[in-house]
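Working notes for the structure below.
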Amino acid sequence: MQDQLYREIILEHWKNPHNYGVIPDADIDVVDVNELCGDSIRITMEIKNNKIEHIMFSSEGCAISKASASMLTDLVHKKAVSDVKKITPENFLELLEIELTPARTKCALLSYSILQNAIK
Amino acid sequence: MVSLTHASNVTGTINPIQEIIKFLKTNNIQAKVAVDAAQSAPHLPINVQNMGCDFVAFSSHKMFGPSGVGVLWARMELLAEMDPVFVGSQMIKTVSKENYTLSNVPERFEVGTPNLEGVVGLGTAIDFIESIGRENIAAYEEELTQYGLSLFKRLESIVNLYGPKTSVKRLGIFSFTFNGVHAHDVAEILSRNNICVRSGHHCAQIILEKIKQPATARASISMYNSKEDLDKLANSLEDVKKVFKI
């Protein structure tokens with residue numbers, strides 16, 4: 001039976017994260033830490049005509065925070081900044097399709113909050 | 001002031017307090033010594049006179065007592081010289097328009113309404129520990145620690161254990177990393193088998209920096225644990241392998 005939390009797709013993004021790395025001299029370069037657990041994520045982005053032209057992340061943390069960051073970068077790549085702003089935490093969590101406890105919700109939303117703060 | 005822990009909350013190492021104090025004395029270092037015994041108080045016999053330190057502190061919640069209360073012990077001659085940090089209520093002996101005098105030790109440090117239920121609860125917890133006997137607890141836990149270390153030895157191809165590899169001068173605190181899997185994910189899998197570990201930096205960021213890890217998972221044993229519990233931990237670590245397909 002498939003694991004409810006560590007679903008196949010989550011494990012796949014964890015082992016082979018998409019858009020992993022750092023864009024040199026990026027327009028936006030932000031890093032933040034989940035103070036509860038010490039997980040950290042850095043996001044770099046190139047913005048052109050109010051569109052996320054290129055996005056990459058690097059992280060130190062659990063499978064959930066890394067896989068969710070990978071899925072988030074896929075989701076927002078080439079999207080208009082104004083559309084990305086409209087994505088609610090609930091929308092994003094739905095996309096992950098995993099059952100999360102409140103503590104693990106923080107892991108899943110770490111990249112999301114860093115991104116939203118960066119484009120505020 | 002030299003402030004150090006009696007036993008590390010990350011590696012379980014028991015520090016040689018007496019030898020450290022001897023070193024300070026032979027080198028003519030005029031420092032007071034404060035010992036954090038929060039980790040050792042429920043596990044080891046503690047004799048502050050033999051230790052030779054000046055201050056000892058420990059928390060109730062780590063020794064089966066209620067939270068929000070703890071003990072700070074200090075040598076009488078030091079307490080007699082010290083002024084209270086907070087003022088009010090029973091720390092005062094006399095008050096006049098121009099002056100006041102302080103109560104005796106320890107009242108002068110016990111400001112305000114005391115945490116009565118906390119103190120009574122801690123007293124009961126100490127009685128409970130004493131009724132079993134700290135020597136008995138230490139001997140039993142050393143046996144468990146030895147057993148736990150042998151299990152971690154068996155798992156060393158997938159798990160890296162930190163701290164001393166023998167049960168001598170060591171508490172049953174097992175901090176480890178799992179090859180390729182982050183400590184939070186290890187903790188998640190263990191929790192499904194009702195094994196509660198702490199994952200993260202254990203508020204000891206400098207040790208984590210030293211061992212070059214962002215986080216470890218930590219299982220701590222107490223006198224209520226058994227060898228079966230440790231077997232369950234070892235088997236659950238095998239489960240981690242399965243979930244993450246390692």
Side-chain angles (χ1 to χ4, degrees), chain A residues 1-18 20-22 31-43 57-72 93 96-114, chain B residues 8-11 61 67 158-160 162 173-220 235-246:
Chain A
M1 211 186 91
Q2 215 189 125
D3 197 282
Q4 283 305 304
L5 178 60
Y6 298 105
R7 292 168 58 232
E8 217 40 75
I9 185 161
I10 297 288
L11 291 178
E12 185 47 42
H13 276 272
W14 166 63
K15 281 191 172 160
N16 303 300
H18 301 182
Y20 197 81
V22 173
V31 60
D32 206 1
V33 176
N34 176 349
E35 68 283 356
L36 282 179
C37 64
D39 280 8
S40 73
I41 294 181
R42 179 180 177 187
I43 294 178
F57 84 100
S58 62
S59 74
E60 186 71 75
C62 68
I64 302 301
S65 73
K66 187 181 243 180
S68 56
S70 170
M71 292 164 89
L72 178 74
L93 290 173
L96 300 179
E97 285 184 72
I98 48 179
E99 288 170 22
L100 291 165
T101 58
R104 298 315 293 273
T105 304
K106 278 210 148 193
C107 308
L109 287 177
L110 181 59
S111 54
Y112 172 87
S113 352
I114 294 172
Chain B
S8 163
N9 71 325
V10 178
T11 61
H61 70 275
S67 7
I158 48 167
V159 171
N160 193 6
Y162 298 93
I173 290 172
F174 302 106
S175 275
F176 59 93
T177 50
F178 196 106
N179 292 347
V181 182
H182 193 276
H184 299 320
D185 297 312
V186 174
E188 176 85 36
I189 304 300
L190 296 181
S191 75
R192 295 175 183 182
N193 295 344
N194 294 325
I195 297 171
C196 188
V197 297
R198 167 138 186 219
S199 59
H201 50 51
H202 316 291
C203 303
Q205 289 87 335
I206 295 164
I207 293 191
L208 273 284
E209 200 185 300
K210 180 91 185 156
I211 63 173
K212 297 186 172 64
Q213 290 296 337
T216 71
R218 181 191 66 189
S220 316
N235 293 336
S236 303
L237 286 171
E238 298 281 352
D239 286 356
V240 176
K241 235 164 91 174
K242 277 179 219 150
V243 172
F244 291 94
K245 304 183 170 64
I246 282 166

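Treat the numbers as computed from the prediction; the structure is a model and nothing was measured. Below, chains carry the letters A, B, ... as their sequence lines are ordered, and counting in each starts from 1.
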Do A:Arg104 and B:Asp185 make a side-chain contact, defined as non-hydrogen atoms from C-beta onward lying under 4.5 Å apart? yes
Can you say whether B:Val181 sits under 4.5 Å from chain A via the side chain, the backbone, both, or neither, judging by heavy atoms? both
Under a 4.5 Å cut-off applied to non-hydrogen side-chain atoms, are B:Phe244 and A:Asp3 in contact? no
Sub-4.5 Å side-chain heavy-atom contact between A:Asp39 and B:His182: yes
Please test A:Glu8 against B:Lys245 for salt bridge (charged side-chain N to carboxylate O under 4.0 Å, His left out), starting from the C-alpha separation and ending with a verdict. CA-CA 10 Å; A:Glu8 217 40 75; B:Lys245 304 183 170 64; 3.5 Å; yes
Option that, when pairs with chain B are counted at under 4.5 Å, heavy atom only, ranks first among A:Thr101, A:Ile64, A:Leu11: A:Leu11
Which one, A:Ser40, A:Cys62, A:Cys107, leads in non-hydrogen pairs under 4.5 Å with chain B? A:Cys62
When the 4.5 angstrom heavy-atom criterion is applied to B:Ile189 and chain A, the contacting part is side chain
Is it true that, when you exclude A:Lys15 itself, more than 12 heavy atoms of the residues, nucleotides or ligands shown sit nearer than 6.0 Å to its NZ? yes
Please look at A:Lys66 and chain B and tell me whether the side chain, the backbone, both or neither of the residue comes under 4.5 angstrom of a heavy atom of that chain. neither
Which atoms of B:Arg192 are under 4.5 Å from chain A, going by heavy atoms: the side chain, the backbone, both sets, or neither? side chain
Would you give the length of the straight line joining atom NE2 of B:His184 to atom NZ of A:Lys106, rounded to the nearest 0.5 angstrom? 12.0 Å
